[in-house]
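The next block holds one structure in the form of structure tokens; read it before the comments.
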4 protein chains.
Amino acid sequence: MNKNKNSKRRQELVAIAARLFCDQGYETTTVRTLAAEMGIQSGSLFHHFKDKQEILFAVIESGMLHAMEIARQALYEAKTPEARLYALAQAHLSTLLQDRDAHVVAIYEWRSLSDLSRAHLVELRDAYESIWREVIYECQQAGLVPDDQGLRRRLALGALNWTVQWYRPDGPLRPEDLAQTLVDMLLGRTAVAAVLPSA
Amino acid sequence: MNKNKNSKRRQELVAIAARLFCDQGYETTTVRTLAAEMGIQSGSLFHHFKDKQEILFAVIESGMLHAMEIARQALYEAKTPEARLYALAQAHLSTLLQDRDAHVVAIYEWRSLSDLSRAHLVELRDAYESIWREVIYECQQAGLVPDDQGLRRRLALGALNWTVQWYRPDGPLRPEDLAQTLVDMLLGRTAVAAVLPSA
Amino acid sequence: MNKNKNSKRRQELVAIAARLFCDQGYETTTVRTLAAEMGIQSGSLFHHFKDKQEILFAVIESGMLHAMEIARQALYEAKTPEARLYALAQAHLSTLLQDRDAHVVAIYEWRSLSDLSRAHLVELRDAYESIWREVIYECQQAGLVPDDQGLRRRLALGALNWTVQWYRPDGPLRPEDLAQTLVDMLLGRTAVAAVLPSA
Amino acid sequence: MNKNKNSKRRQELVAIAARLFCDQGYETTTVRTLAAEMGIQSGSLFHHFKDKQEILFAVIESGMLHAMEIARQALYEAKTPEARLYALAQAHLSTLLQDRDAHVVAIYEWRSLSDLSRAHLVELRDAYESIWREVIYECQQAGLVPDDQGLRRRLALGALNWTVQWYRPDGPLRPEDLAQTLVDMLLGRTAVAAVLPSA
DNA sequence: AATGAATGAGGTTTCATTCAT
DNA sequence: CATGAATGAAACCTCATTCAT
């Protein structure tokens with residue numbers, strides 16, 4: 001089995017698997033279909049991945065790692081608490097769009113992970129959420145949002161995650177609008193001059 | 001096959017199926033497991049349902065019908081726009097908790113429905129969402145929220161739906177708190193006296 | 001799965017499996033081949049047996065149970081120590097011939113049994129060998145064979161078991177001759193009037 | 001492919017294969033396992049052997065050639081018929097112990113040989129058995145055993161072969177005891193002063 | 001309504017073998 | 001001699017579904 005986990009080839013295969021798992025679901029996607037879409041024989045799949053299950057893990061992990069990376073980059077440039085919250089929301093939407101397949105799979109197929117895989121990914125997820133926790137805490141300290149027991153944060157993240165269910169990048173809404181409206185809701189603004197002024 | 005779709009027996013079977021589909025997923029739950037939990041043999045299942053797929057349909061339909069019913073009852077008693085919005089949010093949470101299995105299945109297994117089943121359920125869902133659309137429109141008319149192109153509504157509903165991922169009824173948060181915070185966010189309030197005032 | 005372990009049907013299937021395992025080996029015999037020879041589909045096999053492995057167990061167990069039964073019957077009628085030894089040898093040869101398939105499989109495929117199955121069959125085998133131990137002990141007590149540390153018994157049993165490698169029932173040798181020669185060797189006789197005087 | 005069939009390297013590989021085939025069985029031992037134990041990659045195996053099957057042949061052939069060699073050496077020094085019989089039995093046990101892996105494989109995996117391989121090995125086996133035939137004939141001529149149609153020879157050889165099933169070199173029995181008891185049984189003696197005189 | 005044996009297509013995975021490097 | 005990715009056939013087993021009883 002090919003142990004080079006970051007090889008270009010492997011990343012391609014993971015991306016293809018992400019698309020198929022997203023479109024058809026993990027259980028419904030057969031390894032034969034996976035292989036066919038990858039342009040190899042079904043037996044060859046198992047040189048790259050131990051298991052069908054390991055493919056699922058690789059897909060979800062790749063999405064999470066990318067989310068983390070984008071979030072860190074976004075925060076690197078933003079200075080004020082509000083700007084950081086906005087940047088984080090936009091980064092979240094950004095990876096939700098760029099790596100949509102992987103994130104949809106993460107949501108839908110979480111259950112199909114092995115216990116071990118899940119434990120590893122829970123760590124990644126916790127690390128990501130702690131970034132959000134921190135940024136919102138900064139907003140609180142700045143008096144932008146008077147209190148938070150994590151409830152608003154959770155609702156806001158949920159609202160964002162749920163966008164994969166209905167948001168289409170080719171529709172009239174821009175990601176920036178989503179991010180702005182969400183920040184407004186989080187900070188308790190009525191969003192007077194909100195989205196789509198020209199519509 | 002039992003054509004009496006609302007029989008007590010059938011409702012029991014649907015509830016059992018909902019639980020299993022929720023816990024294990026539709027694809028992973030075998031007809032034999034379903035039958036075993038129902039106390040019958042696998043062959044007998046097909047006297048009640050044409051298909052495995054029809055069981056899935058019945059599960060999701062039951063959740064949606066119940067959601068609609070609860071929403072209508074809640075609105076029946078609420079008069080002001082804000083009260084109606086609050087009532088609707090609470091009704092949504094209420095069915096999300098009462099019929100959690102069915103709603104989780106609806107979210108996760110939507111893809112596994114046949115085209116015909118899905119089309120029928122889309123109608124139900126549209127009917128339900130039009131209730132939300134209407135109530136928020138009333139709020140706009142009352143000047144509570146200056147504009148809305150559906151974005152806030154969608155974000156709010158998404159936030160609510162996502163609660164099935166993390167909300168636990170036996171935790172410290174009461175459903176009323178969730179509903180209140182959500183209404184605050186929707187209406188652009190800073191939620192000064194927010195959650196858990198008595199705790 | 002059909003739990004009626006002694007059903008006529010099951011015994012037929014076991015006999016067929018014994019033949020195939022004997023001819024081709026356990027690993028080499030596919031479940032499809034098994035099913036084809038049984039006149040059913042490969043999937044149907046698993047109504048009768050949980051596993052391919054369980055079929056192997058059933059084959060070997062059947063041979064052992066039959067061996068025990070025949071030995072007990074033979075001893076039931078034999079009175080003197082020597083007669084009992086002779087009866088036992090002949091019973092051994094008898095089951096070796098009647099249930100040749102099963103016994104060959106027992107010898108060759110012992111390794112392919114699961115640990116659990118093997119443990120159960122070891123008990124059966126021990127019970128059978130204790131019969132031999134007892135009968136030879138009677139011979140010693142009668143002064144027919146002066147000593148035995150189990151060595152002669154083991155060599156004799158080994159000689160008998162090995163007959164499945166070369167003995168053919170349609171050849172010139174009669175089972176009685178085998179049994180007689182073996183008893184002679186065990187008791188230290190020169191077998192003056194030995195086999196096939198007319199050949 | 002390495003044509004030097006007697007190279008030191010090749011003999012090492014054959015010995016490793018013998019051990020694995022003996023422990024796990026031919027069918028169950030994968031080419032990858034073989035290669036891993038040999039410290040090479042699976043693809044490299046096929047530089048040394050054409051086939052997996054050829055490895056099996058090499059294993060069994062090596063055992064047989066060694067058996068023949070030891071037997072010839074033993075007979076070279078023994079003069080009287082009885083001494084020669086004893087020497088042969090001991091040589092047989094000797095190779096059974098020294099080359100146990102190969103001989104166990106010969107017994108168990110005979111079936112897995114290709115027809116061609118088997119034919120070649122049958123010749124070797126016949127050559128070996130003719131040695132036994134000859135030595136026993138000498139005993140008959142010397143009046144040590146009055147007659148033999150091959151039956152006693154076969155039983156005795158079977159008893160010896162079967163020892164691989166139960167004999168452990170680290171147990172209390174010495175190979176000489178086995179050989180002596182066997183000769184006694186063959187020659188029809190009661191083995192008064194038999195095994196373990198010193199124990 | 002219920003049973004449960006039987007189906008048969010299709011699932012994941014293994015494995016001996018090849019071949020370009 | 002050695003590698004290791006790729007092959008592709010075939011292995012065991014599962015499972016929704018049917019049907020005679």
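Only this structure's heavy atoms are used, side chains among them; waters, hydrogens and symmetry mates stay out. We name chains A, B, ... by the order of the sequence lines, and we start the count at 1 in each one. Everything quoted here is computed from the prediction, not taken from an experiment.
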Could you provide the dot-bracket string of DNA chain F, using ( ) for intrastrand pairs, [ ] for crossing pairs and | for bases paired to another strand, with Watson-Crick or G-U pairs below 3.5 Å?
-> .||||||||||||||||||||

Using a cut-off of under 3.5 Å, enumerate the N/O to N/O pairs linking the protein to nucleotides 17-21 of chain E.
residue	atom	partner	partner atom	Å
E/dT17	OP1	D/Asp51	OD1	3.1
E/dT17	OP2	D/Lys52	N	2.9

Which residues, if any, of residues 107-119 of chain A bring a heavy atom under 4.0 Å of DNA chain F?
-> none

What is the nucleic acid contact for A/Ile40, judged by heavy atoms within less than 4.0 Å: base, sugar-phosphate only, or nothing?
-> sugar-phosphate

Nearest whole angstrom, please: distance from the P of F/dC1 to the CG of D/Leu13.
-> 10 Å

Tell me which donor-acceptor pairs under 3.5 Å the side chains of residues 35-46 of chain C have, and how far apart each pair is, sequence neighbours excluded?
residue	atom	partner	partner atom	Å
C/Glu37	OE1	C/Arg19	NH2	3.2

Only counting residues at least two apart or in another chain, list the ones meeting salt bridge (Lys or Arg N to Asp or Glu O under 4.0 Å) with D/Glu27.
-> none

Applying salt bridge (charged side-chain N to carboxylate O under 4.0 Å, His left out), which residue pairs with at least one partner in residues 55-64 of chain C are found, sequence neighbours left out?
-> none

Pairwise side-chain contact, C/Asp23 with C/Leu20, heavy-atom cut-off 4.5 Å (strictly under) | no

Atom CZ of A/Arg9 and atom C1' of F/dA5 are separated, to the nearest Å, by 10 Å

Gap between atoms CD1 and C1', on A/Ile55 and E/dT13 respectively (whole Å) | 12 Å

Spacing between B/Phe49 atom CZ and E/dA2 atom P, to the nearest angstrom = 11 Å

Would a 4.5 Å heavy-atom cut-off, applied to side chains only, mark B/Val14 and B/Ile55 as touching?
-> no

Shortest side-chain distance from C/Gln41, nucleotide among F/dC15, F/dG4, E/dT7 | E/dT7

Rounded to the nearest angstrom, tell me the gap between atom CE in B/Met38 and atom P in E/dA1.
-> 15 Å

Base, sugar-phosphate, or nothing for A/Thr33, non-hydrogen atoms under 4.0 angstrom?
-> nothing

State, with a plain yes or no, whether a side-chain heavy atom of A/Ser112 is found less than 4.5 Å away from one of A/Leu56.
-> yes

Report the distance from atom CG of C/Leu45 to atom P of E/dG8, rounded to the nearest whole Å.
-> 14 Å

Note, B/Leu121 side chain near B/Trp110 side chain (heavy atom, < 4.5 Å) = yes

State which residues pass side chain to side chain contact (heavy atoms under 4.5 Å, CB included) with D/Ser117; sequence neighbours excluded, sorted by chain then number.
-> D/Gln53, D/Phe57, D/Leu113, D/Ser114

Please identify each residue that fulfils side chain to side chain donor-acceptor pair (under 3.5 Å) with D/Gln98, with sequence neighbours left out.
-> D/Ser94

Any chance you could measure D/Asn161, atom CG, to C/Asn161, atom CG, to the nearest 0.5 Å?
-> 12.0 Å

Contacting residues from residues 14-28 of chain D, given that a heavy atom lies under 4.0 angstrom of DNA chain F | none

Which residues share a salt bridge (Lys or Arg N to Asp or Glu O under 4.0 Å) with A/Glu12, sequence neighbours left out | A/Arg9

Could you tell me which residues satisfy ring pair (Phe, Tyr, Trp, His ring centres under 6.0 Å) with D/His66, sequence neighbours excluded, listed by chain and number?
-> none

Pairs where residues 103-116 of chain D contributes a residue and the test salt bridge (charged side-chain N to carboxylate O under 4.0 Å, His left out) is met, not counting sequence neighbours = C/Glu109-D/Arg111, C/Arg111-D/Glu109, D/Asp115-D/Arg118

When every non-hydrogen atom of B/Ala102 is compared with those of B/Gly63, the smallest separation belongs to CB-CA, 3.8 Å

